[in-house]
Amino acid sequence: MLDIRAIRSQPEWFRRGMERRKADAALVDALLLADKRWREALAEVERLKSQRNKASEAIAAKKRQGLDASAEIAEMRRVSETIKQLDEQVREREAEVQRLLLEVPNIPHDSVPDGDSEADNVPVRHVGDKPVFPFEPKPHWELAEALDIVDFERAVKITGSRFVLYKGLGARLERALANFMLDFHVSNHGYTEMFPAFIANEESLVGTGNLPKFGEDMFKLEGLPYYLIPTAEVPLTNYYRDEILSARQLPVKLAGYSACFRSEAGSAGKDTRGLIRLHQFQKVELVKLVAPETSYDELERLVQDCARILDALELPYRVIEICTGDLGFKETKKYDLEVWMPAQGVYREISSCANFEDFQARRAGLRFRREEGARPEYVHTLNGSGLAIGRTVAAILENGQQADGSVRIPKALVPYMGTDVIRREVK
RNA sequence: GGAGUGAUGGCCGAGUAGGUCGAAGGCGCUCGCCUGCUAAGCGAGUAUACGCCGUUAAGGCGUAUCGACGGUUCGAAUCCGUCUCACUCCGCCA
């Protein structure tokens, strides 16, 4: 959510921001109009309330002295009636401002490259050497099925399409990756491990920006104001919702493992095979709450924290900077980490790291005080996937595959896996 | 799921025959004084949001907030209704 007062004082800057990110600059004007209407009604009703408060005092004083106050009371009866009507109007107009505010996207940071779409994203660096195979590399779903470590077909029977079931060393690999990633971020990067509920309420989803606009992307619990979380970002970012932190608590760095549920509405036909696009996947998510002036440095560090996992897993990847036109609703700046998938010969997004500045903080009431007695300020929030586990499994399978269909396990994972290779179990 | 109790400021805790209560008191915290350290003591201060005025300042004015919402009333922390949450006991369960 943007700052309505900032919009009032420099509308032109916000219009330009909307244009940069290919959003409708008229949103700004709609907002300004609604805001003006609200403030007009508010000023009027507050004036009347002030009058009423003074009159009430006078009435009380008269009564204490045993004097008759029925004339004043009759007068105030009328004023109160007007106040009641105006209050209703103020409520409606304020709700309108709020409604608009909740649907207006964030403004890109100055440093973000201009662009219209995905095609204009800018590669920042490539890391690691792509593996060279003396054979035709297989896609991960073929490897996995041959190794009998993932069962797509039966998962469909049990639940439905776009669900999966891990089995044997596949299940172990999922678990190993979760443990490895959490351990890594906790001990090397100073994050606090969190294990949240996988269901969140509407307030939390409004806080992170998933509601009111993107309800369709989530699974809602029938008849309840609850949703399956699309990412641990939701519970982690909302952890301190409506609280005021002290400056010394910052930066807050949280690492949470969770299942993530996405309805993938509108993605029919995309990535229908394998572990890339599912209704449920697991992920270790990193969330930071930081002092505003540090948030862009913290973003760079966040990208590094996530990239270290790929380094440790010996997976080749690239870092790309997302252009203004491809930026998400709530982001001011974003980097994606894309892992190399040899069978398809493409880089696939495996992590997304973004700064939201005070966009979420404003929605979720995340504030801090610089010092005792200072006015509360909004923190900046950031998050990044560190990493998406399903896609990591896919990358390990494809990059680690060997001529006989077995898969080499990265050294860092061996202690967690208890083996350095996955091969077909012979029964 | 059944029965009961309760929700006041950073914390504890007053305040129910409605009026001067944003709210006594204590603790904590901040600043100052004092004390040859520490402790104690003394004084002052110590919520948030929004609107208006003001140089997007200092500051001033106003409105709202005593779990939430709604009602009664000229006026509600105080009365009425609904809801939410917490705690206790019973049942059930991992």
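Below, chain A is the first sequence line, B the second, and so on; all start at residue 1.
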Collect all protein-nucleotide pairs involving nucleotides 73-80 of chain B in which both atoms are nitrogen or oxygen and the distance is under 3.5 Å.
unit_1	atom_1	unit_2	atom_2	d
B:C74	OP1	A:R77	NH1	2.7
B:C74	OP1	A:R77	NH2	3.3
B:C74	O4'	A:I73	O	3.3
B:C74	O3'	A:S80	OG	3.1
B:G75	OP1	A:S80	OG	3.0
B:G75	O4'	A:S56	OG	3.4

Distances for protein N/O vs nucleotides 51-55 of chain B N/O pairs under 3.5 angstrom?
unit_1	atom_1	unit_2	atom_2	d
B:G51	OP1	A:R8	NH1	3.0
B:G51	OP1	A:R8	NH2	2.7
B:G51	OP2	A:R5	NH1	3.3
B:C52	OP1	A:R39	NH1	2.6

Any protein N or O atoms within reach of nucleotides 20-24 of chain B? Criterion: under 3.5 Å, listing atom names and distances.
unit_1	atom_1	unit_2	atom_2	d
B:U20	O4	A:R64	NE	2.7

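The separation between A:N201 atom CG and B:A68 atom C1' is 14 Å, rounded to whole Å. As a whole-Å value, the separation of A:I7 CD1 from B:U56 P is 18 Å. Atom CE in A:M1 sits about 12 Å away from atom C1' in B:A49, given to the nearest Å. Atom CZ in A:F368 sits about 17 Å away from atom C1' in B:U48, given to the nearest Å. In this structure, A:K54 atom NZ and B:G19 atom C1' are separated by 17 Å, rounded to whole Å. A:F14 has its CZ atom 13 Å from the C1' atom of B:U56, to the nearest Å.
Using a 4.0 Å cut-off between a side-chain N of Lys or Arg and a carboxylate O of Asp or Glu, A:E264 and A:R277 qualify as a salt bridge. The pair A:D87-A:R91 fails the salt-bridge criterion, with no side-chain N (NZ, NE, NH1 or NH2) lying under 4.0 Å from an Asp/Glu carboxylate O. Using a 4.0 Å cut-off between a side-chain N of Lys or Arg and a carboxylate O of Asp or Glu, A:E40 and A:K36 qualify as a salt bridge. Salt bridge A:E46/A:K49: absent, no basic N to carboxylate O contact under 4.0 Å.
Between the P atoms of B:U35 and B:C42, the separation comes to 16 Å (whole Å). Using P as the reference atom, B:U38 and B:U46 are 27 Å apart when rounded to the nearest Å. Nucleotides B:U63 and B:G6 have their C1' atoms positioned 31 Å apart, rounded to a whole Å. Rounded to whole Å, the C1' atom of B:G9 lies 14 Å from the corresponding atom of B:G67. When the P atom is compared between B:C31 and B:U84, the two are found 45 Å apart, to the nearest whole Å. Distance check on atom P: B:G62 versus B:A23 gives 13 Å, rounded to whole Å. Comparing the P positions of B:U8 and B:A14 gives an interatomic distance of 11 Å, to the nearest angstrom. Between B:C79 and B:G26, the distance separating the two C1' atoms is 30 Å to the nearest Å.
In this structure, the side chains of A:K220 and A:E202 come closer than 4.5 Å at one or more pairs of heavy atoms. Annotation: side chain of A:M181 is not in contact with side chain of A:K283 (no heavy-atom distance under 4.5 Å).
The distance from atom CG of A:L302 to atom OG of A:S385, rounded to the nearest 0.5 Å, is 8.5 Å. Separating the CD1 atom in A:I422 from the CG atom in A:D148 is a distance of 11.5 Å, to the nearest 0.5 Å. Between A:L289 atom CG and A:E298 atom CD the span is 10.5 Å, to the nearest 0.5 Å.
Residue A:P376 is the one, among A:S9 and A:P376, whose nearest nucleotide of RNA chain B lies closer to the 5' end (criterion: closest heavy atom). For the pair A:K84 and A:I244, both in contact range of RNA chain B, the more 5′-proximal nearest nucleotide belongs to A:I244.
The only option from A:L169, A:N179, A:I389 that meets the side-chain contact (heavy atoms from CB on, under 4.5 Å) definition with A:E174 turns out to be A:I389.
Side-chain atoms of A:K167 never come within 3.5 Å of backbone atoms of A:D151 as a donor-acceptor pair (strictly under, hydrogens ignored).
Annotation: cation-pi pair A:K330/A:F356 present, NZ/CZ under 6.0 Å from the ring centroid and within 45° of its normal.
Side-chain contact annotation: A:S80 with A:K84, donor-acceptor N/O pair under 3.5 Å absent. A donor atom on one side chain and an acceptor atom on the other are found under 3.5 Å apart for A:Y296 and A:T332. Residues A:N201 and A:S204 bring a donor and an acceptor atom of their side chains to less than 3.5 Å of each other.
Non-hydrogen atoms lying under 4.0 Å from RNA chain B are contributed by nothing in residues 90-107 of chain A.
When the side-chain nitrogen and oxygen atoms of A:R367 are compared with OP1 and OP2 of B:A47, none of them lie within a distance under 4.0 Å. Look at A:N53 and you'll find a side-chain N or O under 4.0 angstrom from OP1 or OP2 of B:U63.
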Show me, pair by pair, the donor-acceptor contacts under 3.5 angstrom made by side chains of residues 182-190 of chain A, not counting sequence neighbours?
unit_1	atom_1	unit_2	atom_2	d
A:D183	OD2	A:Y416	OH	2.6
A:H185	ND1	A:H189	ND1	3.1
A:H185	NE2	A:G386	O	3.0
A:S187	OG	A:D183	O	2.4

TODO: Using Watson-Crick or G-U wobble pairs with both distances under 3.5 Å, give me RNA chain B in dot-bracket, 5' to 3', with [ ] for crossers and | for pairs to another strand.
DONE: ((((((((.[[[..)...(.....]]]((((((.......))))))(((((((.....))))))).[[[[[..)....]]]]])))))))....
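As judged by a 4.0 angstrom heavy-atom cut-off over every strand, A:R369 is placed among residues touching the sugar-phosphate backbone only.
Other residues, nucleotides and ligands place more than 12 heavy atoms under 6.0 Å from the CD atom of A:E293. Around the OH atom of A:Y226, the shell of radius 6.0 Å holds no more than 12 heavy atoms that belong to other residues, nucleotides or ligands.
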